[in-house]
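Everything below concerns the one structure shown next.
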Amino acid sequence: MHEGLISADQAKLLRDRYPANAGMSWGLFLLSAIGAIIFGLGIILFFAYNWADLPKFAKLALIFTALIVAHIAGLIFSSKHRNNQNLREGFHVLGTMMFGAGIWLIAQVYHIDEHYPNAFAFWSLGALALAWAMPSVIQGLIATLLIATWGFAENAGFEKAHYLSLAVMVIGVLPLAWHLKSRVLLLFSLVATLGLSFTNVLLKFDEEILFYLLFAMATLLICLARLARYSSFPASGDVLRAIGTAGYGVLLFIVSFEDAIRGLIHQRPEDSAYLFSGGGLGLALVSWIVLAIHIRKLGTSLTKFAEIILVLITIILMGLLLIGAFNEHHWLGVLLINGVLACHCVLLIIIGTDEVNWRHVAVGCLALALLVFMRFNDLFQSLLMRSMMFLVVGAILFFIGHIYAKQNAQKKNDDITLETPQRTSHA
Amino acid sequence: MRKILILFCIALQVLALATMVFGRESVVRNGERIYLRTAPIDPRDPFRGDFVRLSYPMNNTRNIAVRWSNENEDLKAAKGDKVYAVLNDTSSGVHRAEYITTIKPTEGLYIRGRVVTGRDGGSLDNFLQNNSQLKFGIEQLFVEQGSGIDIENKQGLRGGLQVPMEVEVAVGKNGLGIVTGYRWSALGIDLNFVDPVEIEAETETETEAETATQQEDGLPDRYIEITIENVSDAVVVLDNPGNNCGFTLEPSRPQFSAFRQAPSACDNDLPPNHMMLQSGETFAFNVNLADPRWQVINDSNRAIDIRTLGAGELFRIVYRTPAGSEQGSSAWIGELPSRAFSGAGIID
């Protein structure tokens with residue numbers, strides 16, 4: 001306002017719409033929450049010492065009192081003021097920690113030697129109920145961690161598939177993340193859901209199925225990310241895309257190795273797992289075909305459309321690998337997959353250069369360099385050939401850098417040109 | 001409305017804890033209090049510093065009778081199946097599991113548990129032979145941090161006299177067992193390998209016989225000294241008929257061993273031999289592993305000298321009250337397993 005960019009009325013309108021104390025300070029919030037968690041852990045450890053001079057009922061009374069007082073304090077501080085919101089969350093987190101401490105304490109007092117994952121189950125349900133009631137992202141995060149611990153404890157400790165924890169995560173936590181429009185909660189709960197899903201799949205089927213399912217899931221997540229922009233939570237697309245892209249990229253790199261393809265060829269899944277894998281890839285294929293048709297109708301750029309076609313080709317290649325098309329000529333599979341990977345890298349560089357997005361350019365260049373380096377060890381025995389590859393890749397990267405700098409400068413000039421007429425009219 | 005919801009959730013948390021407490025406290029207050037004697041714990045089991053792992057003979061089906069209402073019924077001893085240990089009083093202040101069943105008893109005292117390891121499906125014989133592991137929820141005792149070492153020492157986990165712990169358990173009407181305390185058995189047992197030279201110095205004739213034996217079989221002399229000590233404040237009567245026939249040689253882990261004690265004169269009905277042990281008094285005797293009395297037989301009923309077996313094959317000397325003494329006598333009733341040892345001269 002003082003620089004004459006906006007008038008006093010405009011400044012007031014902006015201040016009313018975006019109050020200075022609106023929302024929460026994430027820094028203060030995290031500090032309160034972490035402090036409450038550590039304090040709660042301290043209480044748990046205090047009881048773990050199991051002081052013999054402290055009578056049983058004194059211990060129980062302490063924990064019940066701490067639980068009730070922490071939650072009541074949270075209720076008292078419940079208000080719209082930002083600082084009290086932090087305290088409110090902190091006290092309720094402490095209360096949830098006291099609930100967990102209470103479960104372990106009672107197990108200690110009565111020497112309970114039962115199925116220990118049940119303790120995490122009850123604890124997580126307590127946190128989840130509060131997460132919905134308040135509502136609260138941090139309670140949701142605690143519930144996510146506890147449900148994941150419950151599920152993994154059942155899987156790892158008792159070597160059996162456990163679907164209840166997975167169901168609670170899918171029905172209880174993912175919708176909460178959507179309801180709260182929280183990317184953090186969505187990220188953690190989605191990662192936990194995927195982790196639990198895959199450990200259960202491993203226990204139900206053999207490990208051969210896991211690669212195909214992971215791949216199908218990664219591509220489906222990228223597809224869903226595109227759909228998310230039309231939903232009530234468009235920001236969820238960032239999370240879905242991040243997880244999907246990371247999974248897709250890592251798996252594609254892994255399968256570009258000749259040994260990996262040989263391994264997948266020799267370890268064919270059994271019939272039921274075979275259908276499961278095929279179904280996953282089939283669903284991914286259909287989703288991406290629909291997406292490709294939809295994107296084409298919208299008239300997107302050629303490079304973006306090429307990106308979608310590349311993913312389609314990769315899904316088809318995985319399907320061919322599953323049905324044994326490369327059993328006799330695995331080198332063909334190696335060649336095609338490496339070709340697709342190289343195209344992905346180049347496309348990323350082109351898109352990044354066009355849009356002057358340094359992240360895309362950097363990732364594309366790094367991925368291409370990594371690919372060349374990996375194949376360097378696999379394919380080239382001759383030092384001459386190796387030197388040629390390094391020269392070529394180095395020259396390409398140099399050229400890309402030059403193009404990017406040129407594009408960047410061009411974009412800045414265009415921006416200045418657009419701004420200048422507006423400033424002249426404003427003065 | 002939101003505050004009401006939050007209050008409701010808080011109330012649920014409090015109620016969940018209160019239900020846990022109430023359920024168990026009612027058993028502690030109203031349940032029947034019994035003592036169960038623990039079995040020896042493998043010293044390699046980790047002691048986690050703030051709780052003690054407890055083991056009972058009824059934790060393994062190899063150690064106890066299995067009984068069903070219908071003997072022809074196929075048993076599915078799958079992991080997680082419910083089982084019930086029917087308990088009876090041995091009149092020595094300690095209860096013992098009489099048999100295991102998967103059918104909930106309608107009368108008498110019993111404690112409920114679950115199969116921890118067992119084959120999926122199978123017949124009754126398989127359930128026995130597979131030596132399923134059972135747990136009854138009373139297999140751990142939380143103690144103040146640091147005090148577990150004293151318990152460990154008294155149990156004999158670090159060597160020396162082994163004194164079984166007798167765990168006080170409150171048993172509810174539905175079979176729920178809750179550990180409420182513990183005490184120590186009146187008797188302890190110790191086992192040590194003795195230098196043959198010391199034994200030979202005691203009786204020359206025995207030395208000549210043992211030397212001749214050694215020359216015959218080429219195996220080293222192995223003597224074990226077994227000591228029973230009265231660690232209580234009262235007089236304890238020990239029934240040990242015949243030639244120490246109250247003691248048997250048994251595999252340390254019967255569920256994994258192909259051996260059992262060879263038949264001997266101790267298998268006949270013998271008149272009781274009561275020994276009065278005053279408080280602190282000990283009774284000791286030597287075991288010569290070359291003596292056929294202390295041999296084992298395998299599945300083919302072939303007698304085997306345990307000195308010929310590897311160091312990995314472990315055994316225990318177990319005192320067990322003779323059957324005749326269990327019926328209304330004043331003798332101490334129970335079993336005292338020694339530390340595990342091998343015929344190669346190694347004590348576990």
Side-chain angles (χ1 to χ4, degrees), chain A residues 45 47-54 56-57 59-61 63-65 67-72 74-76 78 88 92 95-96 98-116 118-119 122-123 125-136 139 158-160, chain B residues 1-28 48-55 59 78-80 112-114 116-117 135-148 167-170 176-182:
Chain A
L45 287 171
F47 286 119
Y49 174 71
N50 200 2
W51 192 14
D53 290 343
L54 195 60
K56 171 173 73 173
F57 288 112
K59 289 179 197 172
L60 291 172
I63 202 70
F64 274 94
T65 306
L67 167 66
I68 293 168
V69 165
H71 278 310
I72 297 296
L75 279 172
I76 289 169
S78 171
R88 166 187 176 247
H92 281 304
T96 300
M98 291 301 98
F99 179 55
I103 293 171
W104 295 112
L105 173 69
I106 292 169
Q108 182 196 79
V109 165
Y110 294 100
H111 308 288
I112 296 173
D113 185 20
E114 289 186 9
H115 195 64
Y116 74 89
N118 289 347
F122 284 120
W123 195 358
L125 291 175
L128 190 59
L130 261 180
W132 277 98
M134 286 173 65
S136 163
Q139 293 281 348
F158 299 89
E159 293 179 6
K160 60 175 185 177
Chain B
M1 180 65 187
R2 196 161 291 284
K3 274 196 177 176
I4 294 171
L5 265 176
I6 296 171
L7 273 168
F8 179 69
C9 291
I10 295 167
L12 275 179
Q13 288 187 358
V14 174
L15 191 64
L17 294 183
T19 306
M20 284 177 72
V21 172
F22 180 76
R24 278 162 176 80
E25 193 59 33
S26 66
V27 172
V28 168
R48 301 180 193 182
D50 53 355
F51 76 92
V52 181
R53 276 272 169 229
L54 304 172
S55 169
N59 284 134
K79 189 173 174 178
R112 70 179 193 219
R114 286 196 183 271
V116 175
T117 59
K135 280 187 85 170
F136 296 91
I138 54 171
E139 283 79 16
Q140 63 185 18
L141 173 73
F142 286 98
V143 296
E144 183 177 316
Q145 190 182 23
S147 63
V167 179
E168 186 185 33
V169 178
L176 174 65
I178 297 172
V179 174
T180 52
Y182 65 92

Exercise for the section: Could you pull out the closest heavy-atom pair between Ala133(A) and Cys9(B), with the gap in Å? Expected result: CB-SG, 3.6 Å
Problem - Other residues, nucleotides, ligands: >12 heavy atoms within 6.0 Å of Phe57(A) CZ - result: yes
Practice task
Tell me, out of Leu5(B), Val14(B), Leu12(B), Leu7(B), who's got the most heavy-atom pairs with chain A below 4.5 Å.
Solution key: Val14(B)
Exercise for the section: Below 4.5 Å from any heavy atom of chain B, which atoms of Ile68(A) appear? Answer side chain, backbone, both or neither. Expected result: side chain
Handout entry: Most chain A-contacting option - heavy-atom pairs closer than 4.5 Å, from Met20(B), Glu139(B), Lys135(B), Glu25(B)
Key = Glu25(B)
Handout entry: Minimum side-chain heavy-atom gap Met134(A)-Ile6(B) below 4.5 Å
Key = yes
Fill in the blank from the handout: Rounding to 0.5 Å, atoms CZ (Phe142(B)) and CG (Leu105(A)) come to a distance of 10.5 Å
Handout entry: Top contributor to chain A contacts, counting heavy-atom pairs under 4.5 Å, from Thr180(B), Ile178(B), Val21(B)
Key = Val21(B)
Exercise for the section: Could I get the full list of salt bridge (Lys or Arg N to Asp or Glu O under 4.0 Å) partners for Arg114(B), not counting sequence neighbours? Expected result: none
Practice task
Select one option (side chain, backbone, both, neither) describing which atoms of Val27(B) are under 4.5 Å from chain A's heavy atoms.
Solution key: neither
Practice task
Take atom OH of Tyr116(A) as the centre, draw a 6.0 Å sphere, and report whether it contains more than 12 heavy atoms from other residues, nucleotides or ligands.
Solution key: yes
Exercise for the section: Please state whether the side chain, the backbone, both or neither of Trp123(A) comes within less than 4.5 Å of a heavy atom of chain B. Expected result: neither
Problem - Heavy-atom contact with chain B under 4.5 Å, split by part of Phe122(A) - result: neither
Problem - Residue pairs fulfilling side-chain hydrogen bond (donor to acceptor under 3.5 Å, both in side chains) with at least one residue in residues 3-21 of chain B, sequence neighbours excluded - result: His71(A)-Gln13(B)
Problem - Residue among Leu67(A), Ile112(A), Ile103(A) with most heavy-atom pairs under 4.5 Å to chain B - result: Ile112(A)
Handout entry: Under 4.5 Å from any heavy atom of chain A - which part of Leu17(B)
Key = both
